[in-house]
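Residue numbers start at 1 and run along the sequence shown. Worth saying up front: this structure is predicted, and the values here are computed from it rather than measured.
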Amino acid sequence: MALLHEILEHNARFVHERNRAVTKVPQKKVAIFTCMDTRLVDFLEQAMGLGRGDAKMLKNAGNTLIDPQGGMIRSLVVAVHALGCEEVLVIGHTDCGMAQIDEVRLERSMLERGVPAEAIASLQPSLRDWLGAFHHPVENVQDVVKKIRENPLIPKNVPVHGLIFDPVAGKLQLLTEGYDAAAQGA
């Protein structure tokens, strides 16, 4: 609990020293779906020239999209329809842990920490699939972009771009740009 108290003490100083209102509507009208990797915190935004209040940042392990009606799509729907986002960026990164996940080791850890074996066995079709583990970050980004573009809840005129980020060098690489091909008349 020492870390929790350290964070709360820092927060009290932070609030006292800084008080600037920022709207909940993203100023750059963009939703960014990326990974929860710690190397991206305060680095990806800097590499993109984004500041506080500029974008909706949506994160999960590996920037995976498993459920087409799940939490990430729900968040994108809110970002687009309620908060005015006009573009979506799907940003994976090199050296992603989800591309290297060892589901046997993970399951063993879960069991050792008291997760019932039946709960793990109920994950469909398997623990690896439920996690959204993948082998290639580029292919994962391309798959996620395709799923978002094909989702009927996301308007066809909202461009969905795919990028890969290098969490060491800070370089972004464009993988796919733009709209659903069907919306473009292709």
With a 3.5 Å cut-off and no angle check, do the side chains of Asp95 and Gln100 form a donor-acceptor pair?
-> yes

According to a 4.5 Å side-chain heavy-atom criterion applied to Ile, Leu, Val, Met, Phe, Trp and Tyr, with indirect links allowed, do Met36 and Val41 form part of one hydrophobic cluster?
-> no

So do Asn60 and Cys35 actually touch side chain to side chain, heavy atoms under 4.5 Å?
-> no

Does the side chain of Phe165 come within less than 4.5 Å of Thr34's, by heavy atoms?
-> no

Co-membership, hydrophobic cluster, residues Val25 and Val30, 4.5 Å side-chain | no

Examine Leu172 and Leu58 and state if one hydrophobic cluster contains both, with Ile, Leu, Val, Met, Phe, Trp and Tyr joined whenever side-chain heavy atoms are less than 4.5 Å apart.
-> no

Kindly indicate whether the side chain of Ile164, heavy atoms from C-beta on, has any atom under 4.5 Å from the side chain of Pro137.
-> yes

Less than 4.5 Å apart, any side-chain heavy atom of Ile91 and any of Val141?
-> no

With a 4.5 Å limit on heavy-atom distance, are the side chains of Lys29 and Leu83 in contact?
-> no

Is any side-chain heavy atom of Lys28 less than 4.5 Å from a side-chain heavy atom of Leu50?
-> yes

Check whether any side-chain heavy atom of Asn151 sits under 4.5 Å from a side-chain heavy atom of Pro68, and report yes or no.
-> yes

For the hydrophobic clusters of this structure (ILVMFWY residues joined by side-chain heavy atoms under 4.5 Å, transitively), does one cluster hold both Leu163 and Met57?
-> yes

Are Val160 and Val78 connected in a single hydrophobic cluster, I mean Ile/Leu/Val/Met/Phe/Trp/Tyr linked by side-chain heavy atoms less than 4.5 Å apart?
-> no

Looking at side-chain heavy atoms only, is the closest gap between Asp166 and His93 below 4.5 Å?
-> no

N/O donor-acceptor pair under 3.5 Å between Ser126 side chain and Leu123 backbone | no

Is the shortest distance from a Lys or Arg side-chain nitrogen in Asp37 or Lys59 to a carboxylate oxygen in the other one below 4.0 Å?
-> no

Worked verdict on Glu86 versus Asn157 for side-chain hydrogen bond (donor to acceptor under 3.5 Å, both in side chains) = CA-CA 9 Å; Glu86 297 174 353; Asn157 65 348; over 6 Å; no

Over 12 foreign heavy atoms within 6.0 Å of CG, Asn11 | yes

